[in-house]
Protein chains: 2
Amino acid sequence: MDSLDDRKAAVLRAVVEEYIETAQPVGSGHVAGRPDVGVSPATVRNEMAALERDGYLAQPHTSAGRVPTDKGYRFFVDQLTRLGPLGPSERLQVKEFFAQAHGELEQMLHDTSRLLSELTSYAAVVVGPPAEAATIRSVQLVGLSPRVALAVTVLSNGAVHKHTFEWNEDVGEERLGAATARLSGVLVGSTMRSAQPPPPSGDALLDSMVDQVATALRAAVSEESDQVFVGGTARMAAAFDAVETVRSVLDTLEHQYVVVSLLRDVVDRGLSVAIGSEHGFQPLAECAVIVAPYGRQGERSGTIGVLGPTRMNYPQALAAVAVVSQRLGSRLDEG
Amino acid sequence: MDSLDDRKAAVLRAVVEEYIETAQPVGSGHVAGRPDVGVSPATVRNEMAALERDGYLAQPHTSAGRVPTDKGYRFFVDQLTRLGPLGPSERLQVKEFFAQAHGELEQMLHDTSRLLSELTSYAAVVVGPPAEAATIRSVQLVGLSPRVALAVTVLSNGAVHKHTFEWNEDVGEERLGAATARLSGVLVGSTMRSAQPPPPSGDALLDSMVDQVATALRAAVSEESDQVFVGGTARMAAAFDAVETVRSVLDTLEHQYVVVSLLRDVVDRGLSVAIGSEHGFQPLAECAVIVAPYGRQGERSGTIGVLGPTRMNYPQALAAVAVVSQRLGSRLDEG
DNA sequence: CTTGGCAGTCGGTACAATCGAGTGCCAGAC
DNA sequence: GTCTGGCACTCGATTGTACCGACTGCCAAG
C-alpha cells in the first residue's frame, strides 16, 4: 500500500517536483528527461498509468500530463523527502532574526509569523503559549470609575490578562485594596485553572467581588482562545488562481479560532503535515499545512505552521518550519 | 471648476451609479434610459464628451463606454450624494451589535471592524484610542525571574501596557516593591507623556530601575503604534480582478503602521473620503478610503474606516461609517 | 439646442483549422 | 520478460477570420 518500487518512486518524485515548480501537469517526456530516471518516455507512461491506478497521480483530462493527488504528495513527503538544510541566505535570515529579536513575547511571535511567511512564501501561523500552564504572579484590581474595576493578572510566562468588572454599587478604593490582597493571597503561585476563591470574610460585597474575579479567571482559561498571529496572507493571493479559493482561504484565516483548532487537531494526530482532504476542512481543501510545536525546556508551549497550496514546496517549507520552531524554542529558554 | 450644470451632473451621477453597480463602462444608451435623464442618447454623448474633456470621465478605449475618474467620483460624493439612511436590515444589524456588545475594549473594537466590513462588503479598519490622552491609574512592577520584571501600567481608558525589563544583577522583591511605590507616587494621575522620574533615593540600583521604567513609558507613547483592527480582508479578493492588485492591497493591510498613518493623514486633512490618487499612496491607487473619527464625550478617541475599490458604493459605505462611528462613540460613553 | 441618422471604431465572441503535448497500445528488440 | 520505438488518437490551447454589437463623433434637419 505505502510502498512503491524504486522506479515508480523516482517517477512520482519527478512528477511532484516538476509540478511544484511549474504548476503545469507534467508529461512522460519531461519525466524521462530527468537525469535520475534513465528510461524512455514509453516506460514512464506505463509507470504513470500504474501510479494513477493506485491513486498517486491524476489526469486533469485525457491528453494532459499527470498531477499528484493528495496521496501522491503524502508519499512524497513521507518517503521521498529528507529534511534538507535551509539555503544559506534563509539560514542567515533566521540567524539575524533571532539575534535581534527582543522585547515582548507577543511582538516576537508576531514577527516570527512574518519571518516564517517570508522564508516559505506562504502564509504563516504562530500560536502563542496557552495560559493554563503558567502560574499567576500577580493579581491587582484597579478602579477605573466608582463602579468599574479592571483585574490585571500577570502570569509567570510574562502574559498579562485583563478583565473588566462592573458592580451595581460604588465599591470604593479600600474594598478594591482588600479584594486585591485576598485574591493575591490565594491565587499567586497557582495556575489559572486551579483558581479558587478564599473563605468568606463577612463583608458580602467584598466576598462577591473576590468570587466574581476568581470565577472569571477560571473561565478565562477555557474561554479565551490562545493568541494567534497570522502573517503573509497577501501571499495567498498569488498562490491560487481561482478568486473564490483565495477568498475562502483568506476568510478562514480571519477566523482565528478555526485556524487554531485546525492546527491543534493536526498536532494532536501526531502529524507534521496535513495535505488537502487529510485535515477534513472543506474551505481549505486545496491547501496543505505544515505544523510544528515549539516549547521551552522540552515541553510544548505553542505551535507554528505554514499554510500553502497542496503543491507547496514541501522540502523547503518543512525545513523552515523545523528550524524556526527549534530556534524559537531555545530563544524562549533564554529569556 | 467644481460646478456642473444640472444636466451634466445628472449624467455624471448616472454614469457613476451605473458603473458602481455593473463594473462595466457605461454608454450613452444606458444613461439616456434612466428616468432622471430625459434626453436622447445623442445629447448624452455630447455631455459625456464634455465631461471627459473636463476630466470627470475617461474612456478605456474608443468605442467603449465611459468610466468615472477619481475627479468624477470626487464630484459625486461631494455634490451628488446625500448621506442616506441605512437599509432596515443593516440598521437592525448595527442595533443588535451594539446592544450585545460588551467586554473588553479591544474585543469590541475588533468586532466592530468585522461589523463594518459586513455592512459595507469591503475591508474595515478600526484604530483604537491613543494612549497619550489617558492618565495612568496604576503602575506595578512584577518580578518574573530574579533579574527580569514586568512593568504593568493601567490607563484610565482601561488599556493595559506592559514592558519587560532586565537587569544585570538580582533586584529582589523588596526593591521591586519600593520601585513600584516610587513610580506610583509620581506617575499615577498623570499622562504617559508627562511621565517624569522621581527625585533620587540614594539607592543607585533602585533609582536606575525607576528611571528606566519612567523613560520607557514616555518612549512608549511615541513609539508604540496605536492598536489597529482590520476586518474583512477576504472581501478584497473579490473587489479587484487583477491578482497583483489584490496582493498589493493585502500586503498593505498587513502593515498596520502604514494603514494607521494613511487614515490619520486623511483625517488630518479634514477629509472623510480619499479617492484613488488623492491619498497619494501608490499601492492603494485603485482604492478609496472612507474615514470617520469616533470619540467619547465629543472628543476624538480613534478612527474607523473602510477600504474598497474606487468604484465602491459610496452612499452605502458613507452611511455605514457614519452610523457606526456615532454608535461606537456613544457606546464608549456608557461604559 | 436637441435629436435622429449614419459612418466608423474596436473589443468580444463564435467557429474552424491547426498545432502540439500527451496518452494507450502494440509489436519488435534486447 | 522487460523495455522501447512507433503509431493512431485525444483534446486543450492557439491562431485566424469573420461577425456582431456597443459604442462614439459628426452632421444636418427639426
Side-chain angles (χ1 to χ4, degrees), chain A residues 4-69 72 241-242 311, chain B residues 4-69 72 241-242 311:
Chain A
L4 255 36
D5 68 62
D6 283 359
R7 200 169 59 193
K8 281 198 179 58
V11 171
L12 179 54
R13 151 180 270 136
V15 172
V16 172
E17 289 180 351
E18 197 89 9
Y19 185 64
I20 284 174
E21 193 176 341
T22 65
Q24 299 291 329
V26 4
S28 53
H30 286 151
V31 173
R34 290 171 60 105
D36 52 342
V37 187
V39 293
S40 77
T43 310
V44 172
R45 281 203 286 280
N46 289 329
E47 299 290 30
M48 285 169 94
L51 285 169
E52 181 170 1
R53 258 197 314 281
D54 293 348
Y56 293 96
L57 296 178
Q59 235 178 338
H61 53 261
T62 337
S63 97
R66 299 305 211 292
V67 161
T69 60
D241 31 46
R311 46 167 274 279
Chain B
L4 257 35
D5 68 62
D6 283 358
R7 201 170 58 191
K8 280 197 180 55
V11 170
L12 179 54
R13 151 181 269 137
V15 172
V16 172
E17 289 180 351
E18 197 89 7
Y19 185 64
I20 284 174
E21 193 176 343
T22 65
Q24 299 290 329
V26 2
S28 55
H30 286 151
V31 174
R34 291 172 57 107
D36 51 344
V37 187
V39 292
S40 76
T43 310
V44 172
R45 282 201 286 280
N46 291 329
E47 299 289 31
M48 283 168 94
L51 285 169
E52 182 170 2
R53 258 195 315 279
D54 294 346
Y56 294 97
L57 295 179
Q59 233 178 338
H61 54 262
T62 340
S63 97
R66 301 304 210 293
V67 161
T69 61
D241 31 46
R311 46 167 275 279

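Chain naming here is simple, since letters A, B, ... match the order of the sequence lines and numbering starts at 1 in each. Side chains included, hydrogens not; waters and symmetry mates left out as well; all remaining heavy atoms used. Since we're looking at a predicted model, the values are computed, not measured.
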Below 4.0 Å from chain B heavy atoms, what is the first contacting nucleotide of DNA chain C and what is the last?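 The contacted stretch runs from C/dT2 to C/dG11.
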Count the heavy atoms belonging to other residues, nucleotides or ligands that lie under 6.0 Å from CG of A/Asp6, then report whether that count exceeds 12.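 Not buried by this count: 12 neighbours or fewer within 6.0 Å.
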So does A/Asp36 have more than 12 non-hydrogen atoms from other groups sitting under 6.0 Å from CG?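 Result for CG/A/Asp36: enclosed.
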Side chains of residues 28-35 of chain A: which donor-acceptor pairs under 3.5 Å do they make with residues two or more places apart or in other chains?
{"from": "A/Ser28", "atom 1": "OG", "to": "A/Arg45", "atom 2": "NH1", "distance (Å)": "3.4"}
{"from": "A/Arg34", "atom 1": "NH1", "to": "A/Glu18", "atom 2": "OE1", "distance (Å)": "3.4"}
{"from": "A/Arg34", "atom 1": "NH2", "to": "A/Glu17", "atom 2": "OE1", "distance (Å)": "2.7"}

[X] side, atom [atom1]; [Y] side, atom [atom2] - distance, nearest 0.5 Å:
X: B/Glu47; Y: B/Leu4; atom1: CD; atom2: CG; result: 9.0 Å
X: A/Tyr56; Y: A/Leu51; atom1: OH; atom2: CG; result: 8.0 Å
X: B/Leu57; Y: B/Lys8; atom1: CG; atom2: NZ; result: 11.0 Å

Could you run down nucleotides 13-30 of chain D 5' to 3' and tag each one B, S or - for protein heavy-atom contact under 4.0 Å? ---------BBBBB----
Between B/Val15 and B/Met48, does a side-chain contact (heavy atoms from CB on, under 4.5 Å) hold up when you go through it step by step? CA-CA 9 Å; B/Val15 172; B/Met48 283 168 94; 4.2 Å; yes
